[in-house]
Amino acid sequence: MFAARFRLGVVETKKEIQEFLTSRRAAVTPEQAGVPSYGARRVPGLRREEVAVLAGVSVPYYTRLERGDLSGVSEGVLQALAPRRRSPKPQIRPEIRWTLDAITGAAACVGNDRLDILAANPLARALFSDLYVAPTRPANFARFVFLDPRAETFYADWDRAARDTAEILRAAAGRDPHDRDLSDLVGELATRSDAFRMHWAAHNVRFHASAVKHFHHHVVGELSLSFNRLDIAADHGLTLFTYAAEPGSRSEQALSLLGSWAATTGATDPAQTTDQR
């Protein structure tokens, strides 16, 4: 139920171990863990006794771990504290693809809580063309923000983008602490990015529904776009993200120019910028 920070050497002090374990325990509901819940609870999330039972260790032993003492703890116990499941490969329905392709005046893509881009319309593939440079698929906003130096130019305020991204992933981990793919992503970022480790350690969460996003695209320059997140009710865990420009603005002209550039250069060719279609 907890992320794989133990095995990756990210947790370094007793205080951090204590804060991490208690915060993760508080974030997991009895329903998520499959534990019967009886009566009112004095604390949010799971009780220590319930975590100990789920991990197959004694209550005193788990209590010692939560106090920050990991001396002599075995790999098996750490694995038991972090049971993770692979998420099924998402299937993007044809109707969703039709909808994306029907959105021609704005960039639109479908993603998940891990910030993977699973499908995108031509304008979104052009807007986020830098994300598709890396060979890893699906393209992922978090990997781009923290691991690709191009991100510091693409985002007008990279520091804010980095903080927001870590907080979105932290919120996702709280909603589904068993997601093995998310845990693997967090582990990868934690081992490769000092900035991610710093923001992740803050334990802040964010639900990002709407905002004005500022980008610097290498072809059309500055863009200020209205971002909106729309959960797809029929497809649990999938979300439609749209990026639209204010009518009559310079950003609308730039977005139109970006669409023309993509059409003439083949930048939106699925063979070159494959998403999870």
Side-chain angles (χ1 to χ4, degrees), residues 1-88 112-115 142 146 163 165-207 236-237:
M1 70 199 60
F2 305 119
R5 292 173 68 194
F6 303 107
R7 294 181 291 103
L8 295 165
V10 180
V11 178
E12 298 175 351
T13 68
K14 286 189 175 183
K15 185 176 183 294
E16 188 178 5
I17 294 167
Q18 182 180 23
E19 292 175 348
F20 178 71
L21 284 175
T22 54
S23 67
R24 293 305 85 204
R25 176 163 61 85
V28 180
T29 67
E31 292 75 17
Q32 289 174 324
V35 174
S37 181
Y38 303 105
R41 288 176 173 254
R42 292 180 298 175
V43 294
L46 298 176
R47 300 184 178 98
R48 286 177 178 172
E49 295 83 354
E50 293 166 337
V51 175
V53 169
L54 290 169
V57 298
S58 69
V59 175
Y61 186 80
Y62 174 75
T63 300
R64 175 171 69 84
L65 298 181
E66 195 168 282
R67 287 174 178 167
D69 183 4
L70 292 185
S71 59
V73 65
S74 69
E75 178 73 12
V77 170
L78 297 183
Q79 290 284 0
L81 285 172
R84 303 171 297 163
R85 62 168 181 268
R86 288 283 185 197
S87 300
N112 55 26
D113 281 351
R114 294 185 299 278
L115 300 180
F146 288 106
R163 183 182 67 249
T165 299
E167 291 174 358
I168 290 169
L169 292 183
R170 175 67 81 174
R175 287 190 297 273
D176 188 358
H178 304 289
D179 186 337
R180 181 176 177 183
D181 292 317
L182 176 57
S183 179
D184 287 347
L185 174 62
V186 169
E188 176 188 356
L189 297 176
T191 57
R192 299 177 62 188
S193 169
D194 292 338
F196 178 80
R197 286 196 297 273
M198 177 186 69
H199 290 302
W200 185 258
H203 293 276
N204 294 326
V205 299
R206 175 177 295 272
F207 181 79
H236 178 70

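By convention here, the first residue in the shown sequence is residue 1.
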In short, L65 meets L21 closest at the heavy-atom pair O-CD1, 3.5 Å
Should R170 and H203 count as side-chain neighbours, where that means a heavy-atom distance under 4.5 Å?
-> yes
Within-4.5 Å side-chain heavy-atom neighbours: V59 and T63 | yes
How many angstroms lie between CZ in F207 and CD in E167, if you round to the nearest 0.5 Å?
-> 14.0 Å
Rounded to the nearest 0.5 Å, how far does CG of D113 lie from CG of D176?
-> 8.0 Å
Please round to the nearest 0.5 Å and tell me the distance separating atom CZ of R163 and atom CD1 of I168.
-> 11.0 Å
Hey, which of R48, R67, E49 is the one that makes side chain to side chain contact (heavy atoms under 4.5 Å, CB included) with Y62?
-> R48
Please round to the nearest 0.5 Å and tell me the distance separating atom CG of D181 and atom CG of L185.
-> 9.0 Å
Ignoring hydrogens and geometry, is there a side-chain-to-backbone donor-acceptor pair from S193 to L189 under 3.5 Å?
-> no
Do the ring planes of F146 and H199 sit parallel (below 30°), tilted (30 to 60°) or perpendicular (above 60°)?
-> tilted
Taking every non-hydrogen atom, the tightest pair across A173 and W200 | CB-CH2, 4.1 Å
Is there a donor-acceptor pair closer than 3.5 Å between any side-chain N or O of S183 and the backbone N or O of D179?
-> no
Check the pair F196, V186 against side-chain contact (heavy atoms from CB on, under 4.5 Å), reporting the backbone distance first and the verdict last.
-> CA-CA 9 Å; F196 178 80; V186 169; 4.0 Å; yes
